[in-house]
Amino acid sequence: MKKTLKRIAMVISAIILLTVITAIVLVTFISPNRFKPMIIEQVQINTGRQLVIDGELSWSFFPYLGLKAGHMSLSNPAGFNQKIFAEIDQASMGVKLLPLLTSQIETSGLVLKGVKLNLIKNAANETNWRIFEKKSDNTTSKTMGAFSLAIPSVDVTNVQVNWTDETSKTSATISDLELNAKNISLNDSFPVSTQFKFASTTNNLAGNFSLKGNVNLKNSTAEAQLVMNAQNITLHGKVNITELLSQPKVTGQFKIDELKTEKFKAKNVNAQMLFEKGILQLNPVTAEMYQGQLNGQMTVNLNGASPQTSTQAAITNIQVEPLLKDLSPNNKFKVKATGNINFSVTTVGTDKNELVRNLNGTGRFSFNKGVLEGVDIGFLMDTAQSVMQKQIPKNSNANQTPFESLTGTFTIHSGVMSNNDLLLDASRVEAKGNGTINLTNETINYSLVLHSKQQQKNGVWNLYGLNIPVHVTGSLDNPNIRLDTDAILKQAVQKEVQNVKEKVQEKVQDQIKDQLKGGANNLLKNLIK
């Protein structure tokens, strides 16, 4: 028995010695730079791209056999103006020799420094990051199943990612990215953290992002807490990931205490998130905004060349004036009222102008007991009366219209909003409207028809029963509001003719009554004269 154990020990010692001698020979007599042409050739064959290794390759030895690499870069495919897709200043990783004999992989850790990625979508909607075709390969997973992997740490520093969309002329940058992981194992959970700065030309958004969590490769799961600060936004969130190594499914919840953007403001924003198969869902989304409440949901499909977004929301009991001011600050028309807005819209793109241009959907609004600023409908009625009487209007233009209610529905097609059932109910006047607003260039082409609600023989109320047309055209910040005087005069003539007919009819009826009083014979005589 002792002899057998002794022989086994000698064999193991010989294997260890042979392994060490092999490593020494490898490191001493074989320069890793000799492998550069082979590595470059294989990258060219498998990706169709040119790999440039202009930094030195060098070995590291005991207790880790490893490789260090200097500066390397990978080219973009044809069709992209920028030459470099990715580059790295320094990389290193080593593997312990002796644990390999017992099917254990113990490394010195992975170190990457000065990584730069240039992600581009060109004018033809082609992207430059699709390098490898997805292939089903069970060999790797089966082979790795026989090994125990242990990596003390992964340290990635000084990373910059540049995103450019040549179709929408937008760009974004992630800089100063650091990624750290410790005690990486195939069997146990290990901690991961990352942080970076970001900046985007879309809405001039910039800020910081940080994440801390744990990853379990055995269960293919991860969980993390994250914080994002951008201008006046602080977002806190928690995410859970399943199927991490195959088709990640991400669930989570987010909270923003106060949200201020170029177009709207909100606070106490809460959202439940699901991300799966390239589709992001936020449902429900709740928030307090403009002294009212928002309840809605959003879906973003990231599988196409440009993100496709659909949003449904109900905004209740809001103060309309500050909302409209944020959405369209130069708009002459303003509404001071409490109201409700419901909408369901879709769009495609990332840039603000692109999103508006591709906007489609439907909605409705209802505003109560307020003031419409930008037009004095009572003054327009007085002006119409003066036109009929060929007089100069006596009342001044207050440039606003108090109302009891203002309601309507709308549709949006390719950034153009249409409405055909606007109804404004004021004390003197009822106004109905229809027309379009181009949200892209902020222009309006709209028609109002005014109706007097009271009848009076003298004064302005003589307009009772007439349709008073008003046309609103031009830019929203300085629209042209014009009475259709030709149509008003035409109705005035028609009304005068109608009045004459009514007077003639009254006179004839009076004569008939007088004749009836004189007897039927006199009536017949007068009729046959």
Side-chain angles (χ1 to χ4, degrees), residues 26-27 30-78 80-96 105-121 127-132 149-164 171-184 190-200 206-212 215:
L26 178 67
V27 172
I30 301 177
S31 171
N33 291 290
R34 295 175 57 184
F35 298 114
K36 281 185 179 182
M38 183 181 66
I39 297 172
I40 292 171
E41 180 183 8
Q42 289 301 312
V43 170
Q44 179 70 39
I45 292 173
N46 287 279
T47 69
R49 306 193 186 194
Q50 181 180 3
L51 175 66
V52 176
I53 307 177
D54 47 10
E56 289 295 317
L57 301 179
S58 60
W59 297 113
S60 62
F61 188 56
F62 201 83
Y64 297 98
L65 176 62
L67 182 66
K68 295 181 180 180
H71 186 267
M72 297 181 291
S73 64
L74 184 65
S75 70
N76 267 317
F80 294 86
N81 296 324
Q82 189 165 337
K83 293 182 179 181
I84 303 300
F85 164 67
E87 58 184 317
I88 184 170
D89 291 335
Q90 184 180 336
S92 64
M93 185 173 182
V95 179
K96 273 188 176 182
I105 301 176
E106 295 184 16
T107 78
S108 61
L110 174 65
V111 176
L112 299 176
K113 295 181 179 180
V115 180
K116 187 175 181 180
L117 292 175
N118 299 306
L119 306 179
I120 302 172
K121 183 171 73 172
T127 57
N128 68 338
W129 58 83
R130 295 185 179 181
I131 301 177
F132 302 100
L149 175 67
I151 302 176
S153 65
V154 170
D155 293 300
V156 183
T157 59
N158 193 21
V159 178
Q160 180 170 321
V161 181
N162 300 316
W163 156 257
T164 302
S171 62
T173 301
I174 291 175
S175 60
D176 297 334
L177 184 147
E178 295 184 1
L179 174 65
N180 305 102
K182 295 182 179 180
N183 303 320
I184 299 171
F190 57 89
V192 175
S193 65
T194 185
Q195 59 185 19
F196 56 82
K197 298 177 182 178
F198 61 88
S200 172
N208 302 290
F209 179 89
S210 63
L211 177 147
K212 292 183 178 180
V215 175

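For the single chain, residues carry numbers from 1 onward in sequence order.
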Next item on the list: Please tell me if the side chains of Ile174 and Val159 come closer than 4.5 Å, counting only heavy atoms from C-beta onward.
Entry: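 A side-chain contact under 4.5 Å is absent here.
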Note to self: Less than 4.5 Å apart, side chain to side chain, heavy atoms only: is that true for Pro191 and Lys212?
What the structure shows: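 Pro191 vs Lys212: side chains apart.
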Next item on the list: Verify, without hydrogens or angle tests, whether Thr47 (side chain) and Arg49 (backbone) share a donor-acceptor contact under 3.5 angstrom.
Entry: yes
Notebook entry, point to check: If only atom types and distance count, is the side chain of Asn162 paired as donor or acceptor with the main-chain N or O of Thr173 below 3.5 Å?
Noted result: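 Judged by distance alone, no pair lies under 3.5 Å.
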Please report the shortest heavy-atom distance between [X] and [Y], naming the atom on each side.
| X | Y | value |
| --- | --- | --- |
| Leu117 | Ala86 | CD2-CB, 3.3 Å |
| Val43 | Leu51 | CG2-CD2, 3.7 Å |
| Asn183 | Phe190 | O-CB, 3.3 Å |
| Met72 | Asp54 | N-OD1, 4.0 Å |
| Asn128 | Asn76 | ND2-OD1, 2.7 Å |

According to side-chain contact (heavy atoms from CB on, under 4.5 Å), who are the partners of [X], at least two apart in sequence or on a separate chain?
| X | answer |
| --- | --- |
| Lys197 | Ser175, Asp176, Asn208 |
| Asp155 | Ser153, Asn180 |
| Lys113 | Gln90, Val111, Thr157 |
| Thr194 | Leu177, Leu179, Phe196, Leu211 |

Notebook entry, point to check: ring-ring contact (aromatic ring centres under 6.0 Å, His included) with Phe80: which residues, sequence neighbours excluded?
Noted result: none
Rounded to the nearest 0.5 Å, what separation is found between the [atom1] atom of [X] and the [atom2] atom of [Y]?
| X | Y | atom1 | atom2 | result |
| --- | --- | --- | --- | --- |
| Ser193 | Glu178 | OG | CD | 8.5 Å |
| Lys116 | Ile84 | NZ | CD1 | 9.5 Å |
| Glu56 | His71 | CD | NE2 | 13.5 Å |

Notebook entry, point to check: Can you list the steps and then say if Trp163 with Leu119 is a side chain to side chain contact (heavy atoms under 4.5 Å, CB included)?
Noted result: CA-CA 5 Å; Trp163 156 257; Leu119 306 179; 4.0 Å; yes
Check: For Lys36, what residues pass the salt bridge (charged side-chain N to carboxylate O under 4.0 Å, His left out) criterion, not counting sequence neighbours?
Finding: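 Partners of Lys36 by the salt bridge (charged side-chain N to carboxylate O under 4.0 Å, His left out) criterion come out as none, since no residue qualifies.
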